[in-house]
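What follows is a single structure, written as structure tokens, with notes after it.
Note that the structure is a prediction, hence the values are computed from the model and not measured. Nothing fancy with the numbering, it's 1 onward along the sequence. All heavy atoms count here, side chains included; hydrogens, waters and symmetry mates do not.
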Amino acid sequence: MKGRKGLMQKLSVFRSENPGNLAWFHVASLGEYEQAKPVIEKFKKAKPDYLIAVSFFSPSGYDIATRRPQPNVDFISYIPLDRKSAALQFVKTLNPSFAFFAKYDLWHHHILALKSQKVPTILFSASFREDQKYFSSNGFFQKILMRMDLVFTQNQKSLELLDSIGYEQGILAGDTRFDRVRESASNPKSFPEIEAWVSGKKVMVLGSVWEEDMQLLIPLINSRSDFFWIIAPHDLNPEPMDKWSESIQKRSIKYSQSKDFSNSEVLFIDNIGMLSSLYQYASLAYVGGAFGKGLHNILEPLGFGVPVIFGELKNPQKFPEAAISVKEGCGFSVKDAEGLIQLVDELQEENRYSQAVNAANSWVESNLGAAEIIVSKVLSNFPNHGR
């Protein structure tokens, strides 16, 4: 609520100073923004005269995105709370020619306002499940979905679910995260001090880990002398890191403490923004969250051709990419510390490891191009500046 104060005034000033054609992208938080970035980039290349506005629902996404300039983005805002008058005022003031919603964050009154202004409204990177309210009854949520002019799905199952309710504007495009992770892997941030530290060493990057993950990982760390370890916790609170450090039988250091890690074998990353580039140094990766609130992004390490390990999922339907990665041979699920140690031992065998690396590269490569499909289909369906 505090962050939304003055929202309309900022928007009015921006549009009075920048009155041209505009494409609006709405995302829930940072993860959905990562999915939107390849589409934003492709749209800007196709329509360089267009302004790009991005709105967030979540403070965690908005705060990080506004800390530094975002490529191809001209304006960043919160989305107003979904009240009829506020939504209509926002849409009329923003005056977009196109409106894009990433993955799932659909707001009833904002969509009604867009339709009243005849703005083409597109959902992309949609991934649906049978148990979602869109498909359980012909009610409120289904009506929101049916108002989309185009829906681009990540997978065939989602397209079939759209067909089952009579929605005829569904298009299988794929997951834009593949475009994003390949782009990130092609241009990672450089950390010379880490590069010097890991030179010639086998490295395992533990990304977005929680306490439940570390219960498996600490026995692995203590059992191996041939790896260096980079640990990026999901929670940057120092207490868990200090507790883990005490249980790890190796020398450790936090990134904020020093840039000389030469006397350490374990590096804790106690800041936000580095993780996606740290996978460039990894031989193997472990991505956390499966035992708790939800698995984090396993595609980031795979974009670098790094095999990825994760915990056994409580609800695998919510993370279809995990099951696919296992099937493809580049992702590996474990349920306990013994299984994790055994798996890492197996992946030290040269042929087994090479197969996993090749599988990661092949899977990512075969899924590129979703952003291109989305932008080209939108512009061919709505060639006259949207309306």
Side-chain angles (χ1 to χ4, degrees), residues 1-29 32-33 35-59 61-102 105-124 147-150 152 176 371-372 374-387:
M1 293 297 292
K2 184 178 178 182
R4 283 171 169 78
K5 288 181 179 178
L7 182 159
M8 286 308 307
Q9 183 180 359
K10 294 174 187 175
L11 177 57
S12 297
V13 170
F14 168 72
R15 281 309 258 155
S16 66
E17 295 175 352
N18 303 273
N21 291 316
L22 179 144
W24 170 32
F25 288 79
H26 174 66
V27 299
S29 191
E32 293 73 29
Y33 181 43
Q35 288 182 297
K37 283 179 178 178
V39 185
I40 292 171
E41 181 184 4
K42 292 291 183 185
F43 190 94
K44 194 73 171 178
K45 283 184 178 178
K47 295 286 186 181
D49 58 318
Y50 266 67
L51 299 162
I52 303 291
V54 175
S55 64
F56 286 85
F57 173 73
S58 163
Y62 176 88
D63 289 346
I64 292 172
T66 52
R67 285 178 189 170
R68 58 179 66 91
Q70 298 296 317
N72 303 310
V73 176
D74 301 287
F75 184 75
I76 298 174
S77 173
Y78 278 109
I79 193 170
L81 299 185
D82 197 45
R83 299 180 181 129
K84 184 176 181 180
S85 59
L88 186 58
Q89 183 186 11
F90 181 81
V91 168
K92 282 187 171 182
T93 306
L94 187 63
N95 190 27
S97 298
F98 296 92
F100 293 84
F101 290 79
D105 209 47
L106 303 178
W107 295 99
H108 172 66
H109 288 298
H110 286 80
I111 291 167
L112 289 183
L114 289 164
K115 303 314 292 180
S116 74
Q117 302 300 301
K118 297 182 171 56
V119 179
T121 305
I122 299 104
L123 175 64
F124 67 92
R147 289 190 174 101
M148 295 290 107
D149 291 296
L150 294 170
F152 294 92
T176 58
E372 180 66 41
I374 292 164
V375 171
S376 63
K377 290 284 187 183
V378 168
L379 295 180
S380 64
N381 275 272
F382 304 100
N384 299 316
H385 295 294
R387 295 180 179 84

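- Checking side-chain atoms of Glu32 against main-chain N and O of Ser29 turns up a donor-acceptor pair under 3.5 Å.
- Nearest heavy atom pair, residue Leu114 against residue Pro96, reads CD2-CG, 4.0 Å.
- More than 12 heavy atoms of other residues, nucleotides or ligands lie within 6.0 Å of NZ in Lys115, so this atom counts as buried by the packing criterion.
- Aromatic ring centres of Phe90 and Trp107: separated by at least 6.0 Å.
- Taking OG1 of Thr176 as the reference point, atom CD1 of Ile374 lies at 5.5 Å (rounded to 0.5 Å).
- Contact detail for Trp24 and Val91: the closest heavy-atom pair is CZ3-CG2, 4.3 Å.
- Contacts of Ala371 classified as side-chain contact (heavy atoms from CB on, under 4.5 Å), with partners at least two apart in sequence or in another chain: Pro38, Val39, Lys42, Asp179.
- Shortest non-hydrogen contact noted between Ile111 and Met148 is CD1-CE, 3.4 Å.
- For the atom pair Leu22 CG and Phe75 CZ, the distance stands at 9.5 Å (nearest 0.5 Å).
- Checking His108 against Asp82 by side-chain atom types alone, no donor-acceptor pair falls below 3.5 Å.
- With hydrogens and angles disregarded, a donor-acceptor distance shorter than 3.5 Å links the side chain of His26 to the backbone of Ser55.
- Taking both residues in full, the closest heavy atoms of Phe43 and Ala23 are given as CE2-CB, 3.6 Å, listed atom of the first, atom of the second, then distance.
- What you find for Arg15 and Leu51 is that their closest heavy atoms are NH1-CD1, 3.4 Å.
- For the pair Leu88/Ser116, a side-chain contact is recorded, criterion being any heavy-atom separation below 4.5 Å from C-beta on.
- A 4.5 Å side-chain heavy-atom check between Ser85 and His109 finds every atom pair outside the cut-off.
- With Arg147 as reference, Leu112 is the one residue of Leu106, Thr121, Leu112 to meet the side-chain contact (heavy atoms from CB on, under 4.5 Å) rule.
- Looking at heavy atoms from C-beta onward, Val54 lies in side-chain contact with Ile40 at the 4.5 angstrom threshold.
- For the atom pair CG (Leu94) and NE2 (His110), the distance works out to 9.5 Å, reported to the nearest 0.5 Å.
- Residues Phe152 and Phe100 form no side-chain contact, since every pair of their non-hydrogen atoms from C-beta on lies 4.5 Å or further apart.
- Under a 4.0 Å N-O distance rule, the pair Lys37/Glu41 does not qualify as a salt bridge.
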Less than 3.5 Å apart, which donor and acceptor atoms pair up between the side chains of residues 3-14 and the rest of the protein, not counting sequence neighbours?
unit_1 : atom_1 : unit_2 : atom_2 : d
Arg4   : NE     : Ile79  : O      : 2.8
Arg4   : NH2    : Phe57  : O      : 3.3
Arg4   : NH2    : Ile79  : O      : 3.0
Ser12  : OG     : Met8   : O      : 2.9

**Report entry** side-chain contact (heavy atoms from CB on, under 4.5 Å) between Val375 and Lys45, intermediate numbers included
**Finding:** CA-CA 10 Å; Val375 171; Lys45 283 184 178 178; over 6 Å; no
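- The nearest pair of heavy atoms linking Ala86 to Leu81 is CB-O, 4.1 Å.
- Checked against side-chain contact (heavy atoms from CB on, under 4.5 Å), Ile76 has the following partners two or more places apart in sequence or in another chain: Phe56, Tyr62, Ala65, Thr66, Gln70, Val73.
- Checked by atom type and distance alone, the side chain of Asp74 pairs as donor or acceptor with a backbone atom of Ile52 at under 3.5 Å.
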